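Working notes for the structure below.
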Amino acid sequence: MAKERKSAISPKRHEDYPEWYQQVVKNADLAESSPVRGCMVIKPWGYALWENIRTELDIMFKATGHVNAYFPLFIPLSYLQKEADHVDGFAKECAVVTHHRLEADADGKLVPAGELEEPLVVRPTSETIIGETYSKWVQSYRDLPILINQWANVVRWEMRPRIFLRTTEFLWQEGHTVHETKDEAWDETVKMLEVYKTFAEEYMAMPVITGEKTTEERFPGAENTLCIEAMMQDRKALQAGTSHFLGQNFAKSADIAFQNREGQRVHAWTTSWGVSTRLIGGMIMTHGDDDGFIVPPRLAPKHIVILPIIRDDKDAETVLSYCEKLKIELEDVNFNRVPVRVELDNRDLNAGEKGWSWVKKGAPIRLEIGMRDIESDSVFMGRRDQQGKSGMPRAQFVADVAGILGEIQDNLFKKALAYREEHTKNIDDLSKFADFFTPENPEKPETHGGFALSHWCTNPNCENKINADLSVTIRCIPSSSDNEEQGKCIVCGEKSPQRVIFAKAY
RNA sequence: CGGGGUGUAGCGCAGCCUGGUAGCGCGCUUCGUUCGGGACGAAGAGGUCCUGGGUUCAAUUCCCAGCACCCCGACCA
């Protein structure tokens, strides 16, 4: 009937991508902005998603030998000062606690009192305080390795916050490990990057490119930063996780040293690695469509939502008890090692409105159950990765449900991968490169560009020129071995050892 | 820190120029008709008009100051 299908989210992606993103966050009931600038309230649907991310990653961390611990929120200012590059990198975005008491002034207003002798910094990341702690723990090579992760919040006073993508306070995990040798620390750095890649691709259904950062983009204080980068639907890159090889920099500044097997006192080698609630933003922008969010089944707070359709009050009990039974039956099935998560939505709402609320939230499967279905012992299913709805025998659905969820998971990944490949180009000519990254209408930039695989001579000047001219940065030097052809730098024409990924970034 | 803008009901806004102490849409409550693609009608509830000062018989409206937030830039491992 309708000429163009009405979409649940307005504007659509192609009309105004940043606004679409904000609307999805809101309509999917994931989070909202708070009275505190740059800080968000994560709502139950969004937080459940984070809990699932945490649960699955935690299993992977434990499986690779790590344990969890917890370190303080506050860092003495002097600690942060010990690593010079680290200071430069974070000093501009630190929240500082200078007082520890409030007193009423003459007008009855509360004012800070009780000035601290040494200000405390709210952790922007915990290398320094953890390093100081580790220095006491490490005496002998027998104390190594230390393989610890912490789940925490951190604060970075960013100039321009974006919900989930760059908030002032965010939730994350940070792994901090100490090793006896350089090789072992490097292996750890690589291993955790692989964990992130596996998680991103198999759980978030978000294809990522692994590689290393250029000097310019490196973590302050790191010798090398490895990263996973994903392409969003506006073709910008999102750094989704980083794993840092810290060399002996932090070990030296915090004096993490031990007696080695030869009896000499030497500094240890450390790593750190983290992912944050930014991953949620990544999933929204990877999978979301014009009807809202689409949650990858493996991380979905609810896999299946049952929507009872009651047309006549006298049928209410029949329908609801059938739905209850179906729910129990489905919860007996396992998907990805855990029981299928089922929500029976019996809120007293208009059926259409109720159904759409779950579409916008991105629940993988919706089941509409009314007298018609009960009489034919079937279910009426809507899949979030497909349009339309269809009926199928109840028993068949129960038998197939894990397979259907797996299929949705696979479809999301394949679709995202195809999108990325479609918009990744080898470019060897600077003017073509510029065209690729220049919007047709600068007033209202449309979705354009993508990942450009181009040669780079490794000189930071060339990298900076591209950034200054086009706001394009080197996202990573890909680690895949099929990328070792030599060529000429896209900027200066000098010899280049390999192609790197250029893109606009979040 | 520069440049611009906005503060009025839970949310989004109008009213202000041309002062007379408030209105619209959504949401919310109740009732009825609806309900498998987002409903409709009726009746309701809900406001220190950002704060302080000034002008005035009278300020949401005009003037001054302050605060907060938003957008653009700078900045963003």
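Quantities reported herein were computed from a predicted structural model and do not represent experimental measurements. Just so you know, these numbers use all the heavy atoms, side chains as well, and skip hydrogens, waters and symmetry mates. So that the names make sense, note that chain A is the first sequence line, chain B the second, and so on, each numbered from 1.
Geometrically, A/K361 engages A/W358 in a cation-pi contact defined by less than 6.0 Å to the ring centre and at most 45° from the axis.
Contact annotation: side chain of A/R166 to base of B/C76, donor-acceptor pair present below 3.5 Å.
Taking the C1' atom of each, B/G20 and B/C69 are spaced 32 Å apart, rounded to whole Å. B/G44 and B/C35: their C1' atoms are spaced 24 Å apart (whole Å). Nucleotides B/U60 and B/G19 are separated by 10 Å at their C1' atoms, to the nearest Å. Annotation: B/A58 and B/G41 have their P atoms spaced 45 Å apart (nearest Å). Nucleotides B/C71 and B/C13 have their P atoms positioned 13 Å apart, rounded to a whole Å. Taking atom P in both B/C63 and B/G46, one finds a spacing of 34 Å when rounded to whole Å. Separation of the C1' atoms belonging to B/C17 and B/A59 is 15 Å when rounded to the nearest angstrom. Taking atom P in both B/A42 and B/G66, one finds a spacing of 50 Å when rounded to whole Å.
Between A/L349 and A/K26, the one whose closest nucleotide on RNA chain B sits nearer the 5' end is A/K26. Mapping A/T225 and A/R372 onto RNA chain B via the closest heavy atom, the residue that lands nearer the 5' end is A/R372.
Contact annotation: A/N350 side-chain N/O to B/C35 OP1/OP2 distance is not under 4.0 Å.
Note: NZ (A/K354) to P (B/C35) measures 15 Å, nearest angstrom. When the P atom of B/C75 is taken as reference, atom CG of A/D88 falls 15 Å away, rounded to whole Å. Computed from coordinates, the A/D345 CG to B/C35 P distance equals 19 Å when rounded to whole Å.
A/M381 comes within 4.0 angstrom of nothing in the nucleic acid, heavy atoms only. Within the 4.0 angstrom heavy-atom criterion, no nucleotide atom of any strand lies near A/G355. The residue A/E217 sits close only to the backbone: its heavy atoms come under 4.0 Å of sugar-phosphate atoms, none of a base.
The aromatic ring centroids of A/F71 and A/H176 lie 6.0 Å or more from each other.
Side chain of A/E368, nearest nucleotide from B/C76, B/G37, B/A39: B/G37. Each of B/G37, B/A39, B/G36 was ranked by its minimum atom distance to the side chain of A/K389; first place goes to B/G37. Picking from B/G37, B/A39, B/C76 the nucleotide with the shortest atom distance to the side chain of A/K92 gives B/C76. Here the side chain of A/A351 is nearest to one of B/C75, B/C35, B/G38, namely B/C35. Of the listed nucleotides (B/G37, B/C76, B/G36), B/G37 has the atom at the smallest distance from the side chain of A/Q387. Closest to the A/E158 side chain, of the nucleotides B/A39, B/G37, B/C76, is B/C76.
A donor-acceptor contact closer than 3.5 angstrom links the side chains of A/H267 and A/D255. Side-chain atoms of A/Q233 and A/R13 include a donor-acceptor pair closer than 3.5 Å. Judged purely by distance below 3.5 Å, without hydrogens or angles, the side chains of A/S272 and A/H244 never pair a donor atom with an acceptor atom.
In this structure the side chain of A/E216 reaches within 4.5 angstrom of the side chain of A/P460, judged on heavy atoms. The shortest side-chain heavy-atom distance between A/T189 and A/W273 does not fall under the 4.5 Å cut-off.
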Legend entry - Under the 3.5 Å Watson-Crick or G-U criterion, the dot-bracket string of RNA chain B, with | for inter-strand pairs: (((((((..((((......[..)))).((((((.....)))))).....(((((..]....))))))))))))....
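The side-chain contact (heavy atoms from CB on, under 4.5 Å) search around A/F397 returns A/I304, A/L330, A/I365, A/L367, A/V379, A/M381, A/M392, A/V401, A/I404, not counting sequence neighbours.
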